[in-house]
Amino acid sequence: MSKPSIPQGTRDFSPAEVRRRQFIFNTLRSIFELYGFQPLETPSMENLVTLTGKYGEEGDRLIFKILNNGLHEKKDAEREKLNGEWNNILSRSYSSPVVTERALRYDLTIPFARYVVMHQNDIALPFRRYQMQPVWRADRPQKGRYREFWQCDADVVGSTSLINEAELLCIYQQAFQKLNVPVTIKINSRKLLAALSELCGMSEKMMDITIAMDKLDKIGWVGVANELKERGISEDGIWQIERVINVTGTNEEKLVAFSDIMQHSPSGMEGINELSKTLAFYNELDPTASFKTTGQDTNIQIDISLARGLNYYTGVIVEVVCSHPDVKMGSIGGGGRYDDLTGLFGLKGVSGVGVSFGIDRICDVMEELKAFPEQLAEGTKAMLVNFGGENETYALQILQQLRTANIPAEIYPDASKFDKQMKYANRRGIAYVLLPGDEERQKNMVSVKNFVTGEQKMMSIAETIVLLSH
RNA sequence: GAGGUUGUAGCUCAGUUGGUUAGAGCAUCAGAUUGUGGUUCUGAGGGUCGCGGGUUCGACCCCCGUCAUCCUCCCCA
């Protein structure tokens with residue numbers, strides 16, 4: 001009598017929830033297609049070696065590994081070896097191809113890079129693809145964090161043009177506009193972060209600096225300064241960082257201030273130039289232009305404290321957060337430029353840039369904001385009541401005609417009590433109930449009851465089809 | 001890896017300082033009503049109170065352990 005359950009961090013989706021999620025998928029798909037991206041799907045599992053080492057130390061630990069099967073066929077000697085390896089795995093963070101050589105995908109970017117390398121002769125560069133599939137992480141679940149969740153990614157590989165960055169910003173902008181979610185799009189460059197760590201005289205501490213700075217929103221400058229200290233950043237370094245963080249104003253003003261501070265850093269100037277060009281391209285393409293009165297008020301903001309976790313980014317990085325004051329949710333999307341992603345798999349010199357939508361969080365946010373359109377509940381339009389006997393046969397004939405006319409319809413499969421059938425139709429929210437009884441059958445008609453208004457009228461099948469067709 | 005929350009019927013939850021046979025709403029089934037639902041009334045079934053141990057004359061309640069859950073930190077979408 002044990003109650004059934006599902007694994008931690010996973011969810012069932014009810015019919016209504018699936019419809020809401022599909023609304024998001026459909027919206028994104030249409031935008032991706034509009035911008036010329038092509039669909040791609042990759043397997044749920046990858047070879048473990050494809051994934052390890054790509055997401056940093058923390059990321060590696062969160063990869064779901066798949067136990068090898070077919071082990072019972074092993075010879076005794078191999079089984080003994082297996083036992084040894086198994087104990088190793090249990091005792092520490094260790095993996096062995098004897099025990100596990102596959103893993104569930106952790107994101108869509110690395111499998112995409114793997115795909116590009118494997119199919120480099122088949123694809124025309126630059127290659128633009130979108131991908132909407134679930135990913136898995138062995139994280140501790142909590143609000144807005146799941147072990148199985150969906151990502152929708154759009155990436156371009158084989159082009160270093162910043163037009164790509166600008167287009168991806170447009171995609172973010174247009175998507176969240178269509179989804180009715182107010183957002184702030186933060187933008188930064190890893191090159192600025194690299195320059196900043198040079199400025200501090202500690203290039204090797206770039207990761208420490210960026211991780212600490214990324215918490216600015218949460219713990220404030222004092223908290224960040226403390227963390228920087230703990231991470232071994234010098235007083236002078238902290239002062240340099242404070243100087244940069246204190247820069248405010250419009251994007252243009254920030255870029256001017258940064259170029260003043262970083263004028264002697266080639267990498268810093270490069271980052272500034274990238275951001276400036278990206279924003280210039282964006283202004284030409286801006287899908288929200290017609291909604292704006294001036295160019296001043298933009299939700300795309302340069303944010304020097306933006307870091308992004310994945311360590312393969314090298315250039316422009318972006319992150320999307322919901323800007324509604326009542327919504328407390330981490331980032332709902334992110335992405336950036338990775339100069340040498342495919343290099344990890346042996347294909348040098350192919351630069352890529354991409355963005356990702358975190359569907360599950362977007363769905364949670366839209367739920368909270370009641371941002372879904374009302375009319376998503378379209379399902380069965382008409383239900384035929386089952387009166388049994390000859391009337392049942394008659395009902396099936398009507399049902400077939402309705403479906404031929406492309407009207408979503410169903411019959412109550414059992415000749416149950418009338419009120420039970422009516423209650424069922426009511427609970428399902430079906431718009432029309434059709435009553436094919438003795439009288440109707442003899443006249444070759446059917447009584448049509450509108451379940452919203454309660455009105456009922458007997459009419460021919462042809463008239464019924466006309467009524468239900470819109 | 002660290003800290004906290006919760007666990008009682010299929011679901012959502014009450015349950016007094018620790019006291020006899022653990023309750024409600026919804027859902028299910030049956031009936032008032034074999035052609036009229038969303039909104040009526042009546043009745044029925046359904047619980048090893050997460051699991052294990054302890055304290056006690058007596059435990060859903062107190063203590064210890066354990067498992068599950070959700071949340072916070074870390075990290076991330």
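Reckoned from all heavy atoms, side chains included, excluding hydrogens, waters and symmetry mates. Letters A, B, ... mirror the listed sequences (proteins, then strands); counts begin at 1.
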Complementary nucleotide of B/rU66, counting Watson-Crick and G-U pairs under 3.5 Å
B/rG50
Opposite nucleotide pairing with B/rA32, Watson-Crick or G-U, both atom distances under 3.5 Å:
B/rU40
How would nucleotides 67-74 of chain B be written as a contact map, 5' to 3', with B for base contact, S for sugar-phosphate-only contact and - for no contact, using protein heavy atoms under 4.0 Å?
--S-SBBB
Counterpart residues, side-chain contact (heavy atoms from CB on, under 4.5 Å), relative to A/Glu58 (two or more places apart):
A/Arg61
Between [M] and [N] - [atom1] atom distance, rounded Å:
| N | M | atom1 | value |
| --- | --- | --- | --- |
| B/rC63 | B/rG46 | P | 34 Å |
| B/rG10 | B/rG45 | C1' | 12 Å |
| B/rG18 | B/rU72 | C1' | 34 Å |
| B/rC70 | B/rG7 | C1' | 11 Å |
| B/rU28 | B/rU48 | C1' | 23 Å |
| B/rC71 | B/rA32 | C1' | 50 Å |
| B/rA9 | B/rG25 | C1' | 12 Å |
| B/rU36 | B/rU21 | P | 48 Å |

Identify which nucleotide among [options] has an atom closest to any side-chain atom of [X], counting heavy atoms from C-beta outward.
| X | options | result |
| --- | --- | --- |
| A/Ser331 | B/rA77, B/rU28, B/rU36 | B/rA77 |
| A/Asn426 | B/rU36, B/rG37, B/rA77 | B/rG37 |
| A/Phe149 | B/rG37, B/rA77, B/rG35 | B/rA77 |

Under 4.0 Å between a side-chain nitrogen and a carboxylate oxygen: does that hold for A/Lys457 and A/Glu463?
no
Does the pair A/Arg441/A/Asp438 count as a salt bridge with the N-to-O cut at 4.0 Å?
yes
Could you check how far [atom1] of [X] sits from [atom2] of [N], rounded to whole Å?
| X | N | atom1 | atom2 | value |
| --- | --- | --- | --- | --- |
| A/Arg105 | B/rC76 | CZ | P | 21 Å |
| A/Arg21 | B/rA77 | CZ | P | 17 Å |
| A/Ile63 | B/rA77 | CD1 | P | 14 Å |
| A/Asp419 | B/rG37 | CG | C1' | 8 Å |
| A/Trp150 | B/rC76 | CH2 | P | 24 Å |
| A/Asp208 | B/rC75 | CG | P | 11 Å |
| A/Lys423 | B/rC26 | NZ | C1' | 14 Å |
| A/Asp214 | B/rA77 | CG | C1' | 13 Å |

What about [X]: does its side chain form a donor-acceptor pair under 3.5 Å with the base of [N]?
| X | N | value |
| --- | --- | --- |
| A/Glu440 | B/rG35 | yes |
| A/Lys417 | B/rU34 | no |
| A/Gln421 | B/rU36 | no |

Over all strands shown, is [X] touching base, sugar-phosphate only, or nothing at heavy-atom distances under 4.0 angstrom?
| X | value |
| --- | --- |
| A/Ile332 | sugar-phosphate |
| A/Phe357 | nothing |
| A/Asn391 | nothing |
| A/Tyr146 | base |
| A/Gly437 | base |
| A/Val452 | base |

What residue among A/Phe418, A/Tyr424, A/Phe387 forms ring pair (Phe, Tyr, Trp, His ring centres under 6.0 Å) with A/Tyr412?
A/Tyr424
First encountered from the 5' end of RNA chain B, between A/Leu62 and A/Gly454
A/Gly454
Nearest-nucleotide 5' precedence on RNA chain B, A/Arg361 against A/Glu439
A/Glu439
I need the full list of ring pair (Phe, Tyr, Trp, His ring centres under 6.0 Å) pairs touching residues 429-459 of chain A, with sequence neighbours left out, sorted by first then second residue.
none
Within the supplied structure, the quantity of interest is the number of heavy atoms (other residues, nucleotides, ligands) at a distance under 6.0 Å from A/Glu390 CD; does it exceed 12?
no
Heavy-atom closest contact (A/Met445 atom, A/Ser460 atom, distance):
CE-N, 3.7 Å
Which atom names give the shortest non-hydrogen contact between A/Glu392 and A/Asn386, and what distance separates them?
OE2-ND2, 2.9 Å
Within the structure, does a side-chain N or O atom of A/Arg427 lie under 4.0 Å from either OP1 or OP2 of B/rU28?
yes
In this structure, is the centre-to-centre distance between the rings of A/Phe357 and A/Tyr172 below 6.0 Å?
yes
Is the ring centre of A/Phe345 less than 6.0 Å from the ring centre of A/Tyr115?
no
